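Please read these numbers as outputs of a predicted model, since none were measured by experiment. So you know, we letter chains A, B, ... as the sequences are listed, proteins then strands, and number each from 1.
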Amino acid sequence: MSTLSISVGPQHPGSGHFRIMVKLDGDRIVEALPDPGYVHRGEEKLAEYRNYIQNIPHFERPIVHDSSNILFAYVSAVEDLMKLEVPERGQYIRVVMAELNRIIAHLYYMAIYGIFVGHSTMFMWPMGDRELFIDVAQMISGQRVTFAFLLPGGVRNDMPEGVKERAEKACDYFEKRLVEYEKIFINNPLFERRTRGMGVLTKQDAIRLGVVGPTLRASGVKADLRKDEPYAVYDKLDFDIPVSQDGDSWARAWVHMEEMRQSMAIIRQALKDMPSGPVKLNLRGQIRAPSGETFARTEASRGALSFYLVSNGGMMPYRVRLITPSFRNMIAIPHILKGLLLADLPPAFWGLDYWPVEADR
Amino acid sequence: MVNGATSNIFVGKLKDILQYSVKAPLRYVVNWGRIYSLWPVHLETACCSVEWGATSGPRFDVERWGMLAAFGSMRQCDVLIILGTVNRKMAPRVKMIYDQMPEPRYVIAFGACALSGGLYFDSYNVLPGVDTIIPVDIYISGCPPRPEEFIQGLIMLQNKIRASSVR
Amino acid sequence: MSEIRTFPDFVKRLVIVVGGLVILLVVLFGVLVNTVPVVSEFNDVLLASLSNPGVMLAYLDSLGVGLNSTIFRIVVFPGFTWAALIAAEVIWFERKFLAKMQLRVGPLYAGVIAGILQPIADMIKLLFKELTAPARADKLVFYSIPLLLNAIGAALLAVLPVSEAWIIMRSDVSMLVVFAVIGFAPITVLLAGWASNSKFPFIGALRGLHQMIAFEIPMLIAALSVVLLAGTLDLVNIVQAQSSIWFIVLMPMGAIVFFCCLLAELERIPFDLPEAESEIVMGYQTEYSSMAFGNLQLGVYIRFYAMAGIFTTLFLGGWHGPMILPAGFEIANQVEWFTLKTLLVMVFMIVLRGVNPRFRMDQLLRFGWARLLVLAFVNLFLAILILQMGWFP
Amino acid sequence: MSETPETEQKPPERESKLVDGLTAKLGKDVLEVDIKPKRIKVKVKPERIKDAAEYIKNELGFDHVASVSGVDYPNDQELEVIYHIAAYEREDLRDLVVALAARIPRQDPKTPTLTDIWPSSEYSERETYEMIGIIFEGHPKLERLLLPEDWDDIPPLRKEFKNPGR
């Protein structure tokens, strides 16, 4: 069998900082191997040279548009080692930031999805609506993307006045927009034709490959760490886990869409229920974690994100192992791309929400 | 009388007149075209591409200056935006892409990592700035830079093009 | 040597240079006016035309470059320049309109009003860019394709009846000419991909070939029904046959089929598979740089205009429309109606681009062969029925 | 490991019940068991890691690997390989993470691959191989993943590897 091998990436409109080596038989993909590493920056090694506070801005770089969620796992790990109990208001603010970030990241996903199926309007709309939530997050933290807002022992500062109104306004507006998104994108017959039945990952395969996040939930596994292993105050909040049984690219887009709705519900509740009080513990001086090890994980926007932290009691971590959801979803890329047409590569691959910076670390 | 010396002066004057009447306006026109038609190469090197996405989004809309959001082929593009960290695996590719772009080409280093390595200054796999491999026209600092900073950098690049001569 | 940095400077310099040129010309004219007979004859015409412009027009006609001459029609209106102008502004309009759909501003700073000079800026930039070709490309074919594509678009302009009288070439079989020219487009696309000697262009070219061939046949059949009803192959006669009722009213199905085929032929979203950016970079245009790419784009947009014009001619009644200009301007009225309808068709195509993702190859082919072809045949039978029952006058 | 007195006195019941079967099966080969709420760490002898893995998968029902990590202990001349294993299928186990660890000698860092038990560990094992130099025997594709193609230094996460300027 004669095949044509092409490399999609790293300079390719459909790949980003990443390469897929594709072997084509006619127009059909017989083999697709991911070739990551174009953004590998050695985060794990660098963390050994930085102390626990210096690591905070450093660890949000792999997922800049989901920075609160990755820091959530990191600070949980440090707090677990140090046996810290975060004040309740701090936990609520953390949840608000995490959910804002989830919406921001999901909107980025929708935007890129749009451009990958050739729908330029769907690139621009989410990019514009993202700014609303970035505005809210910016009000709270003072930054656009890299908030560095979560610290061991709480959050950096309390919320200013007017966040609640602003956030609710954004949510009100965005709920209306989501209906429009459904009309123009998710339920667009052409989009359904392109993505229904594409890149199917069955429930068994999803479990076997250990994929995480919306990809997993689109395959019919109702697993979400916010419910399964409630951290912070997620057990006090009422929300739903959208699950689809289809396991295809369309289902993944749909799950992202529904999760944004749930995130908005969480934000509303958290802002309503938020108690008053301090937002952080008053930790003085250098933070030193006692020696030991811990494995902390949170549900980031792309799925379960875990930190394995080994400390020897020094100022700096002895070893940090960061496993990101994209890295775990990478294993599904050759699996779902095999047998598809070349034209299905961008939508099927982006359906996984694979973000190379996050996977390479 | 027309002898060697005077004819040289005459030719020199003619050249001056030609330059005055043709070259300078032409240069202005060509540079004007280049200023408002900077198409970026779609090369994302790291996490700053998120902010680049926001920059081409509705709120900051760089298409106002004629810059397209994403363009397919590098053969038609003018500006290579280095979106963040360039590591040792990406560096040969960046160089190759730069070499393949047709003249005139401009490079914008976007983000602290592209300037100097940024947060990853001591990493084993990150270049200390992209200007170690390709010449850079405009440096935009920030980690990641805000879209406004990118627009400022874009206007700086436009000013640079405006003042440059046409080959 | 003073440099030009700002727009006022540029205007100042332009005034000086143009003024100098005019003075030079006047001096030259004054010297030659009494010595060379052609110049003095021109001088007489010039003086006469100050009171009556018709003299000048007649003089130009006698030289063979006047308004009624073939050269003027081919080169300026309704030929290439006119089409290129429309193409350029359609590019601007497309970007601006899409931007508005996407809640953006779109081109703004290039040009005085709303970035209207954006395509000109792009053109200038492309014109002064380095021209490259892949090392192992077939250079002759590679460089001739952009011109060929332009030629295809321009050839369609020749038979486009913008008005009853203003037509470059009137032929009894102009419909056949249109289809012969359209049938040539896939070959250029294939050649472009093949000559580039590169993988993505080749895939794009194959896609283009499949797509265009698949949609040519329904297109032909949809047009055939029009020909049947009008009883002529001449585009002018087809338009005249629609003086009472447009064919889109009689055969909406045929119009839809023809419109879909038009989208596919022109590689517009949702049928832009041959240049699908996220899949195969830019398709067959990937390796083109500089003005070769500019020519490709110009050719594509001229074809866009020409095909929209053919749709107008076949289904939307061509130049027919109420008389809104004062009497004596019948031709201008016809031209204006034709252009308006054509632009409307183009706008509709652009709207579709804003709200749809693109098809996939197999879906596209199925759509072409299994849906449109059947619809086209049904439409043909309807046309025959209308003709046989004598419903059409 | 440092633990508060309460948890030392009364290890969580559910977790310890899960581990008991494993210790019963492997006997003396289980070197260390560390139980915290929702987190279990089991350190076994490297040659029994496959048996332990099979037990954890088949008997306990943990069906995927969340992460594979390697930790360098130059003082002990040992490398520790740790599999963090979690469950999707059984909803009652979803909040648990079992860490299966083994210490292997630094001079000869070889350990059997667990990709045939948990296919989800494929890329993590590859990364651990290139980052810390643990050779997973029987891995289907033990190749370079993230580092550049021309990398010719020692694996970067070894402690004797120093970043430039440090």
Are there more than 12 heavy atoms of other residues, nucleotides or ligands under 6.0 Å from atom NZ of D:K110?
no
Between A:S306, A:P36, A:P34, who has the most heavy-atom pairs with chain D when the cutoff is under 4.5 Å?
A:P36
In this structure, is the centre-to-centre distance between the rings of D:Y129 and D:Y123 below 6.0 Å?
no
Could you tell me which portion of D:P119 (side chain, backbone, both or neither) has an atom closer than 4.5 angstrom to a non-hydrogen atom of chain A?
both
Turns out that what part of D:E80 lies under 4.5 Å from chain A's heavy atoms comes down to side chain
Contact part of D:A86 toward chain A, heavy-atom cut-off under 4.5 Å: side chain, backbone, both or neither?
side chain
Chain A heavy atoms under 4.5 Å from D:L96: which part of the residue, side chain, backbone, both or neither?
backbone
Counting heavy-atom pairs under 4.5 Å with chain A, which one of D:P148, D:A87, D:A66, D:P156 comes out on top?
D:A66
Do the non-hydrogen side-chain atoms of D:H84 and D:V65 ever get within less than 4.5 Å of each other?
no
Counting only heavy atoms not in D:K159, do more than 12 sit closer than 6.0 Å to its NZ atom?
yes
Minimum heavy-atom separation for A:A289 and A:M82, please, with both atom names.
CA-CG, 3.9 Å
Taking every non-hydrogen pair under 4.5 Å, which of A:L225, A:V221, A:L216 racks up the most with chain D?
A:L216
Verify, without hydrogens or angle tests, whether D:K41 (side chain) and D:E32 (backbone) share a donor-acceptor contact under 3.5 angstrom.
no
Need one label for D:V71: side chain, backbone, both or neither, based on atoms under 4.5 Å from any heavy atom in chain A.
both
Under 4.5 Å from any heavy atom of chain D, what part of A:A296 do you find: side chain, backbone, both or neither?
backbone
Lys/Arg N to Asp/Glu carboxylate O, A:R19 vs A:D35, below 4.0 Å
yes
Okay, A:R361 and chain D: the region with an atom under 4.5 Å from a heavy atom over there is side chain
Let me know if D:R126 has heavy atoms under 4.5 Å from chain A in its side chain, its backbone, both or neither.
neither
Measure distances from A:Y308 to the heavy atoms of chain D and classify the residue's part below 4.5 Å as side chain, backbone, both or neither.
side chain
Proximal component of A:V211, with respect to chain D [non-hydrogen, under 4.5 Å]
backbone
What closest approach, in Å, do A:R252 and A:G351 show between heavy atoms, and which atom pair accounts for it?
CD-O, 3.2 Å
Within residues 201-210 of chain A, residues adjacent to chain D where the heavy-atom gap is under 4.5 Å
A:I207, A:R208, A:L209, A:G210
Mark yes when over 12 heavy atoms from residues, nucleotides or ligands other than A:K227 sit less than 6.0 Å from its NZ; otherwise mark no.
yes
Please check if the number of heavy atoms outside D:E149 that lie under 6.0 Å from its CD is greater than 12.
yes
Which atoms of D:K162 are under 4.5 Å from chain A, going by heavy atoms: the side chain, the backbone, both sets, or neither?
both
Verify whether one side chain among A:H58 and A:E43 offers a donor that lies under 3.5 Å from an acceptor in the other.
yes
D:R39 portion near chain A, given a 4.5 angstrom heavy-atom threshold:
side chain
Specify which of D:E122, D:R94, D:H64, D:R144 makes the most heavy-atom pairs with chain A at under 4.5 Å.
D:R94
Are any side-chain N or O atoms of A:Q262 and backbone N or O atoms of A:D240, one a donor and one an acceptor, separated by less than 3.5 Å?
yes
Chain D contact via A:L33 - which portion, at a heavy-atom distance below 4.5 Å
side chain
Is A:E299 paired with A:R226 through a side-chain N to carboxylate O contact shorter than 4.0 Å?
no
Charged N to carboxylate O below 4.0 Å: is that the case for A:R302 and A:E358?
yes
Lys/Arg-Asp/Glu bridge criterion (N-O < 4.0 Å) met for D:K57, D:D63
no
Flag the one option from D:S121, D:S120, D:S124 with the top tally of heavy-atom pairs under 4.5 Å to chain A.
D:S120
